[in-house]
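All remarks here apply to the structure that follows.
Since we're looking at a predicted model, the values are computed, not measured.
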Amino acid sequence: MPELPEVEFAARCLRRWLKGKRIEAAEAPPTRIFRGSDAGAFERELPGRKLEWLERRGKYLLLGFSGNLGLLAHLGMTGKWMRIGRTQERPSHVRASLLLARDGVVLYRDPRLFGRIAVHRADELFTLPEVRSLGPDPLVDGIDPAALHERLRRTRRAVKVAIMDQAVIAGIGNIQATDALFHARIHPARPADTLDRREVEALADGIRRSIEYTLGLQGECEDEIEYVEESGAANPFVIYGRAGHPCPRCTTRLEKIDLGGRTSVFCPHCQPA
DNA sequence: ACGGATGTTCGCGC
DNA sequence: CGCGCGAACATCCG
């Protein structure tokens, strides 16, 4: 699921579901989700507490609970927070759950276990190295084209690889990067330090646009499990995942290349090398 | 059946 | 130090 827009959506849902509600019990079988931290701490520490605040930075969620307990959470590739009724059947691959007094169960499902949950002190969350090393967040901080230009000028990496570097801009993944570069008409393999000011401004606009677009796809927080979702739903993105299909702008056949180990779709006509 | 997938991290080598 | 590359993680879907 997760790039910045999906994580932002998860943040809004979790605030709505958890804020101010007392957690009765917490469950988390030992899995890789808790790597680098104590799985037992989740079950032990959360009962009795309430969510006081929740912030998103890039693809990370930072949750502050009463009594200075904090969670750092990342959705990895297949992570998803959801809410179901207490007696409702639980989906597969649930890695952590929070039982609320009369508001059902909030759970974290993650088949591939690429996500992460770590228990910390709440007042330490922003000082964690994962969070400190993030670049500006497009929604929280906005995108300053001059600062982005400065950052891109310092590397010869492909511009697509550079904007997916979480230290350059926080939250951009393969989908947003692919569609943003298409909007900006910039070839994904262009060395980052060759972009001029005008192109970086177009790129900043493209990133904003792809984030807003994807955010708009999210709909409302589902209260109940919306299980049989997406399967069969069409790919909603602009050119991501559409190699071989016609460019939505000029109908040229979209191509794909590999950059930094990730598939990059682009239009050879609209995004010339 | 095979290949690829919205992410991060680590080790290796130049 | 910068950077590319492959691997690893575990499961699902077309």
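- Rounded to whole Å, atom P of C:dT11 lies 19 Å from atom NZ of A:K80.
- Ranking B:dT8, B:dA5, C:dC3 by closeness to the A:R157 side chain, first place goes to C:dC3.
- B:dC10 atom P lies 15 Å from atom CZ of A:F114, rounded to whole Å.
- One atom, CG of A:L113, and another, C1' of C:dT11, lie 9 Å apart when rounded to the nearest Å.
- A:R153 has a carboxylate O that lies under 4.0 Å from a charged side-chain N of A:E150, or vice versa, which qualifies the two as a salt bridge.
- For the pair A:L4 CG and B:dT6 P, the computed distance is 17 Å after rounding to whole Å.
- Annotation for A:K21: atom NZ counts as buried by contact number, over 12 foreign heavy atoms lying within 6.0 Å.
- For B:dT8, one of the phosphate oxygens OP1 or OP2 lies less than 4.0 angstrom from a side-chain nitrogen or oxygen of A:H74.
- Interface residues of residues 169-193 of chain A facing DNA chain C, ordered by number: none; criterion, heavy-atom separation under 4.0 Å.
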Practice prompt. Check the pair A:F182 / A:F266 against ring pair (Phe, Tyr, Trp, His ring centres under 6.0 Å), numbers first and verdict last.
Written response: CA-CA 7 Å; A:F182 174 74; A:F266 67 101; over 10 Å; no
Worksheet item: For DNA chain B, what string of dots and brackets results from 5' to 3' when Watson-Crick and G-U pairs need both distances under 3.5 Å, crossing pairs get [ ], and pairs with another strand get |?
Response: .||||.||||||||
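- For the residue pair A:V119 and A:F42, the shortest heavy atom distance occurs at CG2-N, 3.9 Å.
- For the pair A:T78 and B:dG7, the criterion of a side-chain N or O lying under 4.0 Å from OP1 or OP2 is not met.
- Counting to the nearest Å, the P atom of B:dG7 and the NZ atom of A:K160 are 9 Å from each other.
- Between A:Y108 and A:W81, the ring planes are tilted. Angles from 30° to 60° get that label.
- Taking only side-chain nitrogens and oxygens, A:R116 never comes nearer than 4.0 Å to OP1 or OP2 of B:dT9.
- Going from atom CZ of A:R35 over to atom C1' of B:dT8 covers 8 Å, rounded to whole Å.
- A single hydrophobic cluster is seen to contain both A:I23 and A:V106, as judged by linkage of ILVMFWY side chains at heavy-atom distances under 4.5 Å, directly or through other members.
- The CG-P distance, from A:D165 to C:dG2, rounds to 11 Å in whole Å.
- Within residues 128-148 of chain A, no residue is approached by DNA chain B to less than 4.0 Å at the level of any non-hydrogen atom.
- Distance, A:L152 CG to C:dC3 P: 12 Å, rounded to whole Å.
- Side-chain atoms of A:R112 and base atoms of B:dA5 include a donor and an acceptor less than 3.5 Å apart.
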